[in-house]
**Student:** 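Quick one: the structure is below, questions incoming.
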Amino acid sequence: MQYFFTLISGILTGLAMPGNLFSFIIWFSLVFFLRNMVNSKNYYQRFLHTIIFSASMLVTTLWWLFPTLTKNIPQVLQNYPSFLGFLGFVGMIILLILPYLIIWLLAELFHRKNRTYNLLYLSLFYSLAFTSAEILREFGDLAFTGGNLAYALYDHTGLIQLVSIIGPMGITFIIVFVNSLIAFDKTRNRSINMLIIFSFIYLLNFSIVRFLPDINYTNNSIKIGAIQTNIPQEIKYSSDIYKNYSVFSKNISDFQSKDVDLIVFPESSFLEDISNSDVLDYMKMDIQNSSKPVIIGYPRFDGENYFNSVWFYNEYGTVINVYDKIKLTPFAEFLPYEAFFNNFQMFKLLRYYSPGEKFNIFEIDSKKFGVQICFETYFPEISASQVKKGAGFLIAVTNDGWFNSKTALLQHYTQGIFRALETRRDFVQISNTGLTGSIDRYGRITNVFKDRQENNGILYVNYNDSLTIYSQISALLKVIILILALLIAIF
């Protein structure tokens, strides 16, 4: 029965994630899991609880990857049967579980014989241990942060202002600490204590929101012409570059008479490098006619390697800069640990890419900004590195046409909320099928286009060049958390 309650705990945690059910659940969803970890009698039981919780949480959070791998990609690319997609989904969950084993390992050190500990000590340990697991999820070729606890609170606008100081990992620590206070409270007044905790959390959240400045865009704001092309994957991957160009030409002409500072197209507007194609000449003429700089995504081939790239053209149709995607998606865009995963090449989309080497930033009217591609928004280091190089606002371009679920689109889009908070930079995402929209530096969604329809419009951002505390100390903070978790477990 105890394993069943751990399973419920994982499912409830997943249901608290963006697009699933209610974020409020996150404040008590870990209680069963934490209680079972403390009450377990040996390492084997704690190991099973860790596996059951992390697996059920990840499956409930990332369920939208299942139809993507078993139906959407096979139907479009026809490079593997659906049952291999099922095996791929199971394998992905297994790989994502691995960082959570640090909770189990630290717990084995912590729960040694003849040890005594009080409520505060227990709560502190498990908060640090869980936060350590999420930190480890950011490293290595298999890194992916989807499902981190902090992301459940994307709509707690007041509380998540702390992200600019302590980052998402600090929010995770707070979430686990609250769950631990509830789980390990053995007093008679547990119900009253829970009411006090929840009341404090939401009073604090609403109080902070009241003191946030109003959303304010002026003539000095940067105006971005955002284009949501809404090209289905089955058309995108079967069409030629001339059909893709017709979509480009139609949309850029819509902005010729509009007052915008920059026009942005989604990732993979073309699926081939068009550098040696006559389409490039047509595209340059369209850019010159619009008299506006353009950002557009298409691969770059240097003679040996392909890169998933974003190109920056000035208003004269000249390439000013290129950014090559650094954090590639495992199996889809590159093969991680090739010696071990050599038989998993069927999951690649169109081709494998080489990772970029530089966090290039772009510039318009002496204002610098950073551009990231697709799932790079799941990695704080991309935004942090671009901000340190002078970026005053951030843009993400993506092709989320693989995902038919609104949950998938929302979980991806809300990553921009945390990247905006970490850096205090306005954040814009332009997606092929959605979600396309803007987020201000306080993590508030200021505009969003309706998904799965062709649309274009103007998104506004304000420039900021100051550095947050978190952007300066994030690496040190991670090291401190990992060391504290180990020290408390040992001593």
Side-chain angles (χ1 to χ4, degrees), residues 6 9-10 13 26 30-55 57-58 94-145 147-151 162-163 165-184 379-381 384 422 469-491:
T6 293
S9 197
T13 303
I26 201 69
L30 287 82
V31 169
F32 293 139
F33 166 63
L34 294 170
R35 282 180 181 172
N36 287 333
M37 288 293 286
V38 172
N39 294 331
S40 295
K41 298 179 180 179
N42 54 52
Y43 73 93
Y44 178 74
Q45 290 180 351
R46 280 188 286 269
F47 176 78
L48 284 180
H49 284 302
T50 305
I51 295 295
I52 292 170
F53 171 82
S54 55
M57 183 270 289
L58 289 167
I94 292 173
L95 293 173
L96 292 177
I97 287 172
L98 295 179
Y100 290 99
L101 293 180
I102 190 67
I103 301 173
W104 168 65
L105 292 173
L106 290 171
E108 293 313 305
L109 289 173
F110 186 79
H111 292 287
R112 299 195 300 276
K113 291 183 178 180
N114 302 321
R115 294 197 70 178
T116 59
Y117 28 72
N118 57 27
L119 171 64
L120 183 60
Y121 198 60
L122 269 174
S123 301
L124 182 61
F125 166 72
Y126 274 102
S127 301
L128 288 169
F130 206 107
T131 307
S132 297
E134 291 196 351
I135 290 173
L136 293 180
R137 293 187 67 196
E138 297 182 22
F139 297 97
D141 285 349
L142 296 172
F144 184 64
T145 63
N148 282 7
L149 300 187
Y151 299 150
L162 295 171
V163 169
I165 302 173
I166 57 178
M169 72 185 84
I171 302 299
T172 289
F173 178 92
I174 294 172
I175 290 171
V176 182
F177 194 80
V178 169
N179 275 267
S180 299
L181 291 178
I182 297 171
F184 307 137
F379 299 95
E381 66 185 85
E422 289 163 359
I469 294 175
Y470 178 73
S471 63
Q472 299 178 75
I473 67 166
S474 59
L476 176 61
L477 192 58
K478 292 173 185 177
V479 172
I480 290 174
I481 289 172
L482 292 170
I483 291 175
L484 281 177
L486 183 60
L487 290 178
I488 291 180
I490 294 175
F491 300 106

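Worth saying up front: this structure is predicted, and the values here are computed from it rather than measured. If you read the sequence from its start, that first residue is 1, and numbering goes on from there.
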**Student:** Under 3.5 Å, which donor-acceptor pairs link side chains of residues 481-491 to any protein atom two or more places apart or in another chain?
**Tutor:**
none

**Student:** Sequence neighbours excluded, which residues qualify as side-chain hydrogen bond (donor to acceptor under 3.5 Å, both in side chains) partners of Y470?
**Tutor:**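 Expected list: none.
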**Student:** Check whether N179 reaches the backbone of S127 with its side chain - one donor and one acceptor, N or O, closer than 3.5 Å.
**Tutor:**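 Not a single qualifying donor-acceptor pair exists.
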**Student:** Atom CG in L58, atom CG in L96: separation rounded to 0.5 Å?
**Tutor:**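 L58 atom CG to L96 atom CG measures 5.5 Å (nearest 0.5 Å).
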**Student:** F184 pairs by side-chain contact (heavy atoms from CB on, under 4.5 Å) with which of L120, L119, V31?
**Tutor:**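 Going through the options one by one, the only one that passes is L119.
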**Student:** Please test I166 against F173 for side-chain contact (heavy atoms from CB on, under 4.5 Å), starting from the C-alpha separation and ending with a verdict.
**Tutor:** CA-CA 10 Å; I166 57 178; F173 178 92; over 6 Å; no
**Student:** Between T6 and M37, is a side-chain contact (heavy atoms from CB on, under 4.5 Å) present by the stated rule, with each step listed?
**Tutor:** CA-CA 9 Å; T6 293; M37 288 293 286; over 6 Å; no
**Student:** Please enumerate all residues that pass side-chain hydrogen bond (donor to acceptor under 3.5 Å, both in side chains) together with S474, with sequence neighbours excluded.
**Tutor:**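 Once residues adjacent in sequence are excluded, S474 has no partner under the side-chain hydrogen bond (donor to acceptor under 3.5 Å, both in side chains) criterion.
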**Student:** Restricting to non-hydrogen atoms, name the atom on I26 and the atom on L30 that form the minimum distance, rounded to 0.1 Å.
**Tutor:**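 Answer, listing the atom of I26 first, then L30: O-CD1, 4.1 Å.
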**Student:** Going by ring-ring contact (aromatic ring centres under 6.0 Å, His included), name the residues that satisfy it together with Y151, two or more places apart in sequence or in a different chain.
**Tutor:**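 Y151 satisfies ring-ring contact (aromatic ring centres under 6.0 Å, His included) with F418 once adjacent residues are dropped.
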**Student:** Name all pairs fulfilling the salt bridge (charged side-chain N to carboxylate O under 4.0 Å, His left out) condition that reach into residues 471-491, sequence neighbours left out, sorted by first residue then second.
**Tutor:**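 Listed once each, the pairs are E138-K478.
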**Student:** What pairs of donor and acceptor atoms, side-chain ones from residues 102-110 against any protein atom, are under 3.5 angstrom apart with sequence neighbours left out?
**Tutor:**
residue : atom : partner : partner atom : Å
W104    : NE1  : Y43     : O            : 3.0
W104    : NE1  : E108    : OE2          : 3.3
E108    : OE1  : R46     : NH2          : 3.2
E108    : OE2  : R46     : NE           : 2.7

**Student:** Can you list the residues that meet the side-chain hydrogen bond (donor to acceptor under 3.5 Å, both in side chains) rule with S132, with sequence neighbours excluded?
**Tutor:**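 S132 satisfies side-chain hydrogen bond (donor to acceptor under 3.5 Å, both in side chains) with no residue once adjacent residues are dropped.
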**Student:** Measuring from atom NE2 of H111 to atom CG of N39, what distance do you get when rounded to the nearest 0.5 angstrom?
**Tutor:**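 That separation rounds to 9.0 Å.
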**Student:** Side-chain contact, heavy-atom cut-off 4.5 Å: F130 with L34?
**Tutor:**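 Sidechains of L34 and F130: no contact.
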**Student:** What distance separates N36 CG from L48 CG, expressed to the nearest 0.5 Å?
**Tutor:**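 The CG atom of N36 sits 11.5 Å away from the CG atom of L48.
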**Student:** Sequence neighbours left out, what passes ring-ring contact (aromatic ring centres under 6.0 Å, His included) with F32? Give chain and number order.
**Tutor:**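 Result, ring-ring contact (aromatic ring centres under 6.0 Å, His included) vs F32: F5.
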**Student:** Where is the tightest heavy-atom contact between S123 and F177, given as atom of each residue plus distance?
**Tutor:**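 Result for this residue pair: CB-CE1, 3.6 Å.
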**Student:** Are any of the side-chain heavy atoms of V176 and S180 separated by less than 4.5 Å?
**Tutor:**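 Heavy-atom side-chain distance check passes, below 4.5 Å.
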**Student:** Could you work out, with salt bridge (Lys or Arg N to Asp or Glu O under 4.0 Å) as the rule, every residue matching E422, not counting sequence neighbours?
**Tutor:**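 Partners of E422 by the salt bridge (Lys or Arg N to Asp or Glu O under 4.0 Å) criterion, ordered by chain and then number, come out as R419.
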**Student:** How long is the span from the CD1 atom in I174 to the CG atom in L149, to the nearest 0.5 Å?
**Tutor:**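 It comes to 12.0 Å.
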**Student:** Evaluate the side-chain proximity of F33 to M57: yes if any heavy-atom separation is below 4.5 Å, no if none is.
**Tutor:**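 Heavy-atom side-chain distance check fails, nothing below 4.5 Å.
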**Student:** Not counting sequence neighbours, which residues clear side-chain hydrogen bond (donor to acceptor under 3.5 Å, both in side chains) with N148? List them please.
**Tutor:**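 Only R137 meet the side-chain hydrogen bond (donor to acceptor under 3.5 Å, both in side chains) criterion with N148.
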**Student:** For residues 126-136, pull every pair meeting salt bridge (charged side-chain N to carboxylate O under 4.0 Å, His left out), keeping only residues two or more places apart or in separate chains.
**Tutor:**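 Listed by first then second residue: nothing to list.
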**Student:** Would you please name every residue forming a side chain to side chain contact (heavy atoms under 4.5 Å, CB included) with L98, sequence neighbours left out?
**Tutor:**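 Testing L98 for side chain to side chain contact (heavy atoms under 4.5 Å, CB included), a comparison that skips the adjacent residues, returns L95, L101.
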**Student:** Do you know the tightest heavy-atom contact between S9 and T13?
**Tutor:**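 For S9 versus T13, the nearest heavy atoms are O-OG1, 2.9 Å.
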